[in-house]
Amino acid sequence: MSISLLIVQILNGLQLGVLLFLIAAGLTLVFGVMDFINLAHGVQYMLGAYLAVMFYALTGSTLLALVLALLAALAFGLFLEFAVFRHLYERDHLDQVIATFGIILFLNQAVKFVWGAAPLSLPIPEMFSGVVVLMPGLTYPIWRLVIIVCGLAVALLLYVLVSRTRFGMLVRAGANNAAMVSALGVDIRRLFMIVFGFGTMLAGFAGIMIAPILSVEPGMGDTILILAFVVIVIGGIGSIRGAFLAALLIGLADTLGRSFAVDILRLVMTPSPARTVGPAIASMLIYLLMALVLYVRPTGLFPPKGR
Amino acid sequence: MPLPTSIARREWLPVTLFIAFALLPVAAAFDAETYLLGLFMRVMIFAIAALGLDLLVGYGALVSFGHAAFIGIGAYAVAILASHGVTEAAISLPFALAAATAFAWLTGLVCLRTRGVYFIMITLAFGQMAYFFAGSLAPYGGDDGLTIHTRNTLFGLAAFKHERLFYYIVLGCLIGCYVLCRALVASRFGRVFRGARENPTRMVTLGFEIHHYQLMAYMMSGAFGGFAGFLLANASDFVSPAYMSWQRSGELIIMIIFGGIGTLHGAILGTLAFLLLGEWLSGLTEHWKMIFGPLLVLVVLLARGGLIGLASQLATWWRREHIHSPSGFAYALLRLVRSLRVWLDAKIIGLAGPFRSRSRD
């Protein structure tokens, strides 16, 4: 376990963490404000990646493709909200789970239908390709650093937006008591729509940012969706701050667990069982973490007040 | 002695279903017998798991999104024992049930501290945990799964090898589970459990430790899942982590929603409808999920209470319209079409709602 490997893995963990935050932020806002479980949030992330690939093929410029994909992801999210989701806000959670599960089935298959089942890839934008030297003998891809910086910037932006602006005030008030906000004369439906569109745009943004370093394939949203749910449940549903901290926690725990579980276990057991048990523990680590957190605090680390 | 009418009215549907299941091998004998037998066997096995889930969701409002884990645990219990040469059902069945119940007990202790959406998510997390654990069981196939080379014997008899006999054994199990669930729901235990759904505070005030009741119900529900897993492993001669994926858990919830939750026979009907529909659509096109997904959305939006709810709405309509003669039927149909049109008009105006409401504000 060398120090440079540790640094690289911590950076990788941070990168996964901010990615999870981008997805979890939308999820937790939508749930906090509208009391709506959106399983289809993961396919928005997948769609963002696919749209980026498609626009790259059309325009030939990666940066232009990223911008166009972001707009298209936003438009599609708003369309879904208009066509399906707004009819589900008043239903119970079970109905929401089923309907959004249906949308996952549809979109996963539709993506296969349109772009084929084979994984696609997107090149890294030219000005961000290559590596940067962190220490002598330790290099790191620039694009991964760009993802970390963008994620942190979005987190900061969200913090300012939610805690310092009028819109953020309405969102916080809506999360506390939507009916009261509506009674005070705020068009709650429009607020819902903006929050929803914003959330899907963030998920699409995450998909677009990750597309250059991951293979773009159907079902890529499903795994990340579950991770995002773990994040928002640990953080406390509806809390942006909780989502941010939990996302970094999960990102680091998952990445470091996967790289060092075997090494750590070898300190206490012989190598051969350590090689068997290590990966098992590593893949279950975040769920164990979640179980532990919920056992101690059944509503997560930062439950929103007034609920 | 004639049965009380209330029981007759409630039980005609499950009894009809059971009779249909029982007659299927006779009808299927004429052509692709093994295919149909296999399909309906799967329906009955998943119906057992769905019954267990309905107990939890329908009667306790505890939405478990990790129920496939119990099926997987039951199935893996059979496969792991078989790989060590233990193929006697009298050993592997109790083992499967104990493993599933123990998992339910352990996870239930944590899950039941939470409620609502947290409960959905934490059961999902435990389901994922079981899924990844199975995937990392390298000695037992890991992600590739494990083939079961010899089916279980029942007290030394090769009863499960004979397809048709096994079919009737599964049917017997399904009927047994159904009766057991009915008895459970009607028992004192079931009434307390249902009370905890309606008003937990009141039940606690009355002096019931509702947590114990909910944990018991969760364990029983898990045991039903484990039982289904035991049968599934024997029916398909194969287990893999895919049995426990979260999509499977979602499908189980869809099955009970399809039929109508909180009715028990709805779980059986829903499983039948779900699996047959999937089978039929996948025969039509490779991209059948593009039809199936929107169908789910429509079921949620339009048919509240699932198929059972739809049927009882129809029955109410039938009685209200006093249909006794063909002409009466035609007249009633006409009125239905007219009210449907009015309802549709309202829906269309409702769709235009956002535009309209803005001008009104």
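Only heavy atoms go into these numbers, but all of them, side chains included; no hydrogens, no water, no symmetry mates. Model, not experiment: these values are computed from the prediction.
- With a 4.5 Å cut-off on non-hydrogen atoms, A:T299 touches chain B through its backbone and its side chain both.
- If you measure heavy-atom distances from B:L124 to chain A, the contacts under 4.5 Å come from the side chain alone.
- Between A:F36 and A:Y89, the ring center distance clears the sub-6.0 Å criterion.
- Checked against the 6.0 Å centroid threshold, B:Y140 and B:H84 count as a close aromatic pair.
- Proximity to chain B involves both the backbone and the side chain of A:I98, based on heavy atoms less than 4.5 angstrom apart.
- Only the side chain of B:V63 has a heavy atom closer than 4.5 Å to any heavy atom of chain A.
- The distance from the CE atom of B:M290 to the OG1 atom of B:T285 is 8.5 Å, given to the nearest 0.5 Å.
- The contact between B:L109 and chain A is made entirely by backbone atoms, counting heavy-atom distances below 4.5 Å.
- Between chain B and the options A:G300, A:A110, A:A282, heavy-atom pairs under 4.5 Å are most frequent for A:A110.
- Residue contact with chain B, scored on non-hydrogen atoms closer than 4.5 Å, involves the side chain of A:I37 exclusively.
- In this structure, no portion of B:Y131 lies under 4.5 Å from any heavy atom of chain A.
- Contacts with chain B were tallied for A:L88, A:V230, A:D222; A:D222 has the most, counting heavy-atom pairs under 4.5 Å.
- Both the backbone and the side chain of B:Q247 come within less than 4.5 Å of a heavy atom in chain A.
- With a 4.5 Å cut-off on non-hydrogen atoms, B:V299 does not touch chain A at all.
- Distance check, rounded to the nearest 0.5 Å: CD1 of A:I237 to CG of A:L29 gives 12.5 Å.
- Interface residue B:F126: only side-chain heavy atoms are found under 4.5 Å from chain A.
- Of all the listed residues (A:I104, A:L288, A:I103), the one sharing the greatest number of non-hydrogen pairs under 4.5 Å with chain B is A:L288.
- Using a 4.5 Å heavy-atom threshold, the side chains of A:N108 and B:K289 count as separate.
- Distance check, rounded to the nearest 0.5 Å: CG of B:L53 to OG of B:S221 gives 6.0 Å.
- The residue among A:K112, A:H93, A:M290 with the most heavy atom pairs within less than 4.5 Å of chain B is A:M290.
- Distance check, rounded to the nearest 0.5 Å: CG of A:L225 to NE2 of A:H41 gives 8.5 Å.
- By the 30° and 60° cut-offs, the orientation of the rings of B:F132 relative to A:Y287 is parallel.
- Contacts of A:V296 with chain B are made by backbone atoms alone, with heavy-atom separations under 4.5 Å and no side-chain atom involved.
- Put simply, of A:Q96, A:M193, A:M284, the one with the most heavy-atom pairs under 4.5 Å next to chain B is A:M284.
- If you measure heavy-atom distances from B:I253 to chain A, the contacts under 4.5 Å come from both the backbone and the side chain.
- In this structure, B:F70 and B:F103 have perpendicular ring planes: the angle between them is above 60°, well past the 30° mark.
- When heavy atoms are compared at a cutoff of 4.5 Å, B:I261 approaches chain A solely by way of its side chain, counted from C-beta outward.
- Judged by the 6.0 Å distance and 45° axis criteria, A:R86 is not positioned over the aromatic ring of A:F192.
- Taking the six-membered ring for Trp and thresholds of 30 and 60 degrees, A:F244 and A:F21 have ring planes more than 60 degrees apart, a perpendicular arrangement.
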